[in-house]
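Data block below; observations after.
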Amino acid sequence: MPKKEKLRIGWFTFACCEDNTIMMTEIMNDHWQEWSKKIEFAYARILKSKNELKNLDVSFIEGAIASDKDAERAKEIRKNSKYIVATGSCAVTGMPSAQRNLFDPETKKEIAPIIERFKHREKVLPVKDVIKVDDNLPGCPMNEKDFLQVLNKYLKLFGVN
Amino acid sequence: MHNFDITIENLSKIEGHTDLDVKVRNNKVEHVQLKISENKRFYTQAIRGKPAIGAPQLMCRICGTCSIAHLICCIQAVENALGIKPTEQTILLRKLAMYGLYIRDHALHLYMFSLPDVIGKDSILDFDEKNEKEHKLLHQCFDVKAAGNALSTLIAGKPVHPPYPIVGGFTQTPDPEQTKEVIKKLEHVREDILELIDVFMPEKFNFTTETEYVCMTSPDFNFYTGDHICTGKYKCVPWEKYGEHLMHKVIPYSQASGYKFEGQTYLVGALSRINMNEAYLHEKTRKSAKKALEIFPSNNIYHNNLAQAIEILHSIDASVEILKKTKFKKEEIIAPKTAGTGVGVVEAPRGTLYYLTEVGQDGKITHADIVVPTGQNQINIEQDIKALIEANIDLPKDKLQFEIEKLVRAYDPCMSCAAHFLKINWQ
């Protein structure tokens with residue numbers, strides 16, 4: 001792959017508590033000096049309002065897919081990203097955001113009006129069930145070392161140094 | 001005459017997802033709807049039938065940023081249901097865990113979400129390293145967050161979803177050598193916070209709101225134990241009545257559309273706490289932030305930012321004092337004694353957080369209810385947006401939209417928490 005000056009990163013969240021987003025902003029405490037030279041946060045709603053879902057090198061997706069709108073959005077992210085990293089337990093396995101998949105019929109009946117009103121899917125899905133995922137960062141939240149390892153892998157892959 | 005609609009999809013620099021819909025006809029705002037686009041995750045249903053002693057570790061997954069507040073509040077509710085009285089040391093450790101949370105969480109909001117509005121940039125990542133002031137603030141942001149993170153890690157094991165605090169006590173006690181390191185880090189960033197207070201003190205944004213300020217009050221301004229909840233200046237609910245207050249006042253308020261709390265809308269969070277309890281702040285904080293504190297009580301919602309900066313300073317001063325004078329020792333975890341109903345109340349960074357848990361004879365949760373700060377502030381946020389638009393009706397639409405976003409950010413809403421509980425007044 002030709003050398004790049006900066007890795008264009010996207011950071012997206014679906015059904016989750018955004019603990020990985022918080023961890024990313026914490027890992028940034030120690031790594032900003034380095035990242036500012038190598039990374040461009042092209043899409044990160046937590047950090048900026050002018051975001052661009054276009055031509056992303058690596059997109060980190062946090063959270064599970066709970067609605068058709070989520071699924072459509074995930075496909076759009078896939079289309080505009082060269083690599084996708086499922087980030088955190090909800091993205092990788094669906095849990096705990098997918099707890100309602102396991103509810104008994106009575107509890108399912110109780111939440112049915114909300115599911116219907118918000119056009120939620122019948123089942124909450126991990127990201128890999130909707131789009132192709134290239135890497136997984138499991139954990140609730142993800143592990144710092146794993147994240148840095150994956151990030152460095154892509155920096156190397158895109159020849160950013 | 002102005003007729004227009006504003007739709008903001010996915011507001012940025014706040015926690016979680018929300019859209020906003022505004023409809024203006026003949027210069028009048030016909031509706032303002034904060035549409036929480038966050039997906040529902042049904043934690044209060046999911047917890048039923050699960051062992052009560054494990055409940056806090058699951059419930060804290062409601063929120064990534066204020067995880068520690070959910071954890072401690074749920075622990076308190078379950079302990080009250082199970083007849084467990086925490087030890088003095090456990091109480092101190094929980095206070096410290098909350099201080100660590102406040103430092104990191106307020107710093108995230110102030111530096112990363114609000115400061116770009118003050119400096120006039122889109123993102124803290126756009127701050128100019130060659131500009132002395134911006135360079136300094138950028139680095140202070142990371143240092144302060146790291147200090148809060150270090151305190152949380154020392155006390156609770158991790159900054160997010162931490163493992164040490166459990167029902168009945170703590171599984172680990174702070175390591176003395178690490179404690180010294182954390183004290184150093186906290187003392188090091190104290191100066192940074194004094195500068196941050198100076199940044200937010202000459203508040204150039206002003207939006208005055210008429211509301212009732214509500215918070216839990218404790219004589220040492222800690223966020224975990226409280227003697228009473230003050231709802232307005234002279235009305236206070238003693239802790240024995242927290243359950244009644246939750247059931248009859250807070251739950252209906254947070255769920256109703258346009259409901260008024262004793263005839264008045266109300267606000268929770270840092271502005272309420274500093275307005276009501278300024279006198280209980282740490283002595284060192286009161287001395288160092290004397291000039292800033294003269295501004296309070298304030299009805300300017302943007303002073304929520306200054307109030308948060310003062311609370312970071314207090315959290316540093318209070319935790320350094322506790323860490324320096326306390327020798328922690330290993331303690332046994334207290335076992336459950338009874339079953340029943342328990343209420344937990346803490347001051348989370350964004351305001352008063354309530355938990356209600358019912359535990360059956362088999363030790364399993366039969367019912368749970370939660371009221372989060374953003375759910376309580378929602379009516380106020382929508383009313384303020386309405387007033388803001390009507391006062392600035394002649395502004396170009398993009399400017400008005402920016403003003404609205406700035407106002408919402410000042411409230412520091414947390415949508416991951418709010419998703420389950422906000423009133424739904426939209427089709």
Side-chain angles (χ1 to χ4, degrees), chain A residues 13-23 25-33 35-36 39-41 44-51 62-67 69-70 88-90 95-100 102-104 106-108 110-111 114-115 117-118 120-121 124 139-142 144, chain B residues 8 10-17 36-43 45-49 58 60-67 70 104-105 108 112-113 116 121-126 129 138-139 141-149 158-161 402 405 414-417 419-420 424 427:
Chain A
T13 67
F14 291 106
C16 66
C17 72
E18 299 203 337
D19 56 346
N20 300 285
T21 302
I22 300 301
M23 284 309 294
T25 64
E26 285 305 300
I27 298 168
M28 196 186 272
N29 295 339
D30 293 330
H31 294 271
W32 175 244
Q33 293 283 38
W35 290 4
S36 64
I39 291 173
E40 179 195 353
F41 281 93
R45 193 190 37 81
I46 193 88
L47 298 170
K48 53 197 275 204
S49 66
K50 297 187 180 93
N51 290 297
E62 176 179 14
I65 306 299
S67 66
K69 202 177 155 197
D70 283 359
S89 178
C90 290
M95 287 293 181
S97 285
Q99 291 174 110
R100 69 173 165 88
L102 309 176
F103 283 180
D104 59 29
E106 207 179 315
T107 315
K108 277 194 174 151
E110 178 188 330
I111 66 167
I114 299 172
I115 300 291
R117 172 158 203 179
F118 288 89
H120 284 352
R121 297 173 81 101
V124 181
C140 186
M142 66 181 180
E144 179 173 342
Chain B
I8 306 175
N10 231 337
L11 262 91
S12 65
K13 290 175 277 171
I14 58 165
E15 201 296 324
H17 299 261
I36 315 304
S37 45
E38 193 74 41
N39 286 300
K40 312 280 171 279
R41 287 172 291 138
F42 306 105
Y43 274 88
Q45 283 88 3
I47 200 65
R48 287 182 215 149
L58 179 62
C60 74
R61 262 76 184 176
I62 284 176
C63 182
T65 194
C66 47
S67 160
H70 281 273
R104 188 198 53 72
D105 193 43
L108 175 77
M112 295 196 129
F113 300 170
K121 299 226 163 162
D122 183 41
S123 167
I124 186 157
L125 305 185
D126 300 335
E129 291 268 13
L138 181 68
H139 287 263
C141 163
F142 297 129
D143 288 348
V144 173
K145 286 200 306 111
N149 186 324
K158 279 200 295 190
V160 174
H161 309 334
F402 175 68
E405 286 200 51
C414 180
M415 296 305 162
S416 288
C417 290
H420 316 259
I424 303 155
Q427 296 305 311

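Side chains included, hydrogens not; waters and symmetry mates left out as well; all remaining heavy atoms used. Numbers restart at 1 for each chain; the letters A, B, ... are given by sequence-line order, proteins then strands.
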Worksheet item: Are K48(A) and F41(A) in a cation-pi contact, defined as NZ or CZ under 6.0 Å from the six-membered ring centre and within 45° of the axis?
Response: no

Practice prompt. Measure from the side-chain N and O atoms of S49(A) to the backbone N and O of S12(B), and report whether any donor-acceptor pair falls under 3.5 Å.
Written response: no

Item to complete: Tell me, for K121(B) versus chain A, whether the close heavy atoms (under 4.5 Å) come from the side chain, the backbone, both or neither.
Response: neither

Discussion item. Which atoms of C140(A) are under 4.5 Å from chain B, going by heavy atoms: the side chain, the backbone, both sets, or neither?
Written reply: both

Discussion item. Quick check: closest heavy atoms across R45(A) and E18(A), and the distance to 0.1 Å?
Written reply: NH2-OE2, 3.1 Å

Worksheet item: So which of L108(B), V160(B), L11(B), D122(B) has the largest heavy-atom pair count under 4.5 angstrom toward chain A?
Response: D122(B)

Fill in: E129(B) side chain reached by Q33(A) side chain, heavy atoms, under 4.5 Å
yes

Discussion item. So for F14(A), is it side chain, backbone, both, or neither that comes closer than 4.5 Å to the heavy atoms of chain B?
Written reply: backbone

Worksheet item: Do E62(A) and T21(A) pass the side chain to side chain donor-acceptor pair (under 3.5 Å) test, and can you show the C-alpha distance, the side-chain angles, and the key distance before you say yes or no?
Response: CA-CA 8 Å; E62(A) 176 179 14; T21(A) 302; 2.6 Å; yes

Fill in: N/O donor-acceptor pair under 3.5 Å between R100(A) side chain and T107(A) backbone
no

Worksheet item: Do you know which of D126(B), I124(B), L58(B) has the most heavy-atom pairs under 4.5 Å to chain A?
Response: L58(B)

Worksheet item: Side chain, backbone, both or neither: which part of S67(B) has a non-hydrogen atom closer than 4.5 Å to chain A?
Response: neither

Worksheet item: Tell me, side chain or backbone of D30(A) under 4.5 Å from chain B's heavy atoms, or both, or neither?
Response: neither

Worksheet item: Tell me, side chain or backbone of T25(A) under 4.5 Å from chain B's heavy atoms, or both, or neither?
Response: both

